[in-house]
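Please read all numbers here as calculations on a predicted model, not as lab measurements.
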Amino acid sequence: AQCYKSDRSLHLVSSPIQNGAGKTVSPIIWVRSNAFPASETGRLSVLAWVRVDDPRKQPKLRLAVEGKLDGKPFYRRANIGASEDGQQVRPIQKEWSPYRFPLTDLALEGLTDIQIGFDMMGEGDVYIDQVSVYDLWFANNERDELLKNIATADIQLSSGQIADCER
C-alpha cells in the first residue's frame, strides 16, 4: 500500500544523475512543514509512519527538526534506514512502521520558526505518512517516575507538608 491511513502519502525519491563533470551523483533532497511556534514544555516528539518497497535498499533518511535559536539556525536529526556515520540506526521495513524522534531538552526561550522535515541524504526511495508532532510524549520510564512523584506529593499534601509537596 502506498498510503498508511490516509488517501495520500509523501513519496521521496532521489535517483543518481550525471553532474556537469560527467560524474554520477545522488542529490540530497528534503521537505519541510510550515513553521510553528516552539513548545513551552521544552519537549517535542515527531512520529512518522515510514516504509520502503525494497528493504535491501535502505536510504539515508533523516527525521529533522529545525528552526532558529536566538536568531541562529537550529537543527536536530534522527537517522533511520542506512547510517551516515557508522552509528547503528533502525532499518526501514517494507510494511508501514512508526518511527519516533523525541527531543526532551529544547530551549524554553528563544526557539522560533520550528519546522519538521525529512532529509534524504543521497540515493533512496521512501514513503512517509501520518506525521504527528507532540509536545508531551513520555516514555514508559518517564511516565512511571511521574506517577511515583505524584503519589509522593499527594501523601505530603494530605499530611500538611506543603513545601515538600511543592518540591
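Of all the heavy atoms in F101 and A78, the pair that sits closest is CD1-CB, 3.4 Å. Residues R90 and P98 approach most closely at NH1-O, 2.9 Å, considering heavy atoms. Of all heavy-atom pairs between D105 and R76, the closest is OD1-NH1, 3.0 Å. Looking at every heavy atom in both residues, S9 comes nearest to C3 through N-SG, 3.6 Å. Of all the heavy atoms in S45 and R100, the pair that sits closest is OG-NH1, 2.9 Å.
Inter-residue side-chain proximity for F74 and L106 is flagged as met; some heavy-atom pair is nearer than 4.5 Å.
Put simply, I114 and L47 are part of two different groups of oily side chains (I, L, V, M, F, W, Y) that touch within less than 4.5 Å, one to the next. Cluster annotation: I128 is not connected to Y134 through the hydrophobic network of ILVMFWY side chains, with a link wherever side-chain heavy atoms come within less than 4.5 Å. A single hydrophobic cluster is not seen to contain both I28 and L63; linkage of ILVMFWY side chains at heavy-atom distances under 4.5 Å, directly or through other members, places them apart. Using a 4.5 Å cut-off between side-chain heavy atoms of Ile, Leu, Val, Met, Phe, Trp and Tyr, with links allowed through other members, V65 and L111 fall into the same hydrophobic cluster. The hydrophobic cluster containing I29 does not contain V25, counting ILVMFWY residues as joined when their side-chain heavy atoms lie under 4.5 angstrom apart, directly or transitively.
Counting only distance, with no hydrogens or angles, the side chain of T41 and the backbone of D135 share a donor-acceptor pair below 3.5 Å. Side-chain atoms of S14 do not come within 3.5 Å of backbone N or O of S26 as any donor-acceptor pair. A donor-acceptor contact shorter than 3.5 Å is absent between the side chain of T24 and the backbone of P16.
Residues that satisfy the salt bridge (Lys or Arg N to Asp or Glu O under 4.0 Å) test with R8, not counting sequence neighbours, are absent from this structure. By the salt bridge (Lys or Arg N to Asp or Glu O under 4.0 Å) test, D70 pairs with no residue at all, sequence neighbours left out. Residues forming a side chain to side chain donor-acceptor pair (under 3.5 Å) with R32 (at least two apart in sequence, or on another chain): E66, D119. A search for side chain to side chain donor-acceptor pair (under 3.5 Å) contacts involving N19 returns nothing, not counting sequence neighbours. E95 meets the side chain to side chain donor-acceptor pair (under 3.5 Å) test with no other residue; sequence neighbours excluded. Under the rule for a side-chain contact (heavy atoms from CB on, under 4.5 Å), the partners of Q87 that lie at least two apart in sequence or sit in another chain are S83, D85. By the side-chain contact (heavy atoms from CB on, under 4.5 Å) test, D54 pairs with R56, K57, sequence neighbours left out. By the side chain to side chain donor-acceptor pair (under 3.5 Å) test, D7 pairs with no residue at all, sequence neighbours left out.
Pairs of residues two or more places apart, or lying in two chains, that qualify as ring-ring contact (aromatic ring centres under 6.0 Å, His included) and include a residue from residues 10-30 are H11-Y127. Sorted by first and then second residue, the ring-ring contact (aromatic ring centres under 6.0 Å, His included) pairs with a member in residues 51-71 form an empty list; sequence neighbours excluded. Applying the ring-ring contact (aromatic ring centres under 6.0 Å, His included) rule to pairs touching residues 31-50 yields Y4-W49, sequence neighbours excluded.
Other members of the cluster containing Y75 do not exist, because no ILVMFWY side chain is joined to it at under 4.5 Å.
I116 CD1 to L44 CG: the interatomic distance, rounded to the nearest 0.5 Å, is 5.0 Å.
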Would T104 and R43 count as a side-chain hydrogen bond (donor to acceptor under 3.5 Å, both in side chains) if you check the C-alpha gap in whole Å, the side-chain angles of each, and the deciding distance to 0.1 Å? CA-CA 4 Å; T104 60; R43 301 172 70 99; 5.4 Å; no
Show the numbers, then the answer: is there a side chain to side chain contact (heavy atoms under 4.5 Å, CB included) between M120 and R62? CA-CA 6 Å; M120 182 93 71; R62 294 178 179 178; over 6 Å; no
Given the rule in the side chain to side chain contact (heavy atoms under 4.5 Å, CB included) test, do L12 and F118 qualify, once you have shown the distances and angles that lead to the verdict? CA-CA 9 Å; L12 288 180; F118 301 92; 4.0 Å; yes
Please determine whether side chain to side chain contact (heavy atoms under 4.5 Å, CB included) holds for the pair M121 and R77, giving the CA-CA distance in whole Å, both sets of side-chain angles, and the decisive distance to 0.1 Å. CA-CA 12 Å; M121 307 306 290; R77 69 169 196 216; over 6 Å; no
Passes side chain to side chain contact (heavy atoms under 4.5 Å, CB included), D129 versus L10? Steps please. CA-CA 6 Å; D129 205 350; L10 175 64; over 6 Å; no
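Around the CD atom of E109, the shell of radius 6.0 Å holds no more than 12 heavy atoms that belong to other residues, nucleotides or ligands.
If you check the side chains of S15 and E123, you find no donor sitting under 3.5 Å from an acceptor.
A side-chain contact (heavy atoms from CB on, under 4.5 Å) with I80 is found for one member of I92, V126, V89 and no other, namely I92.
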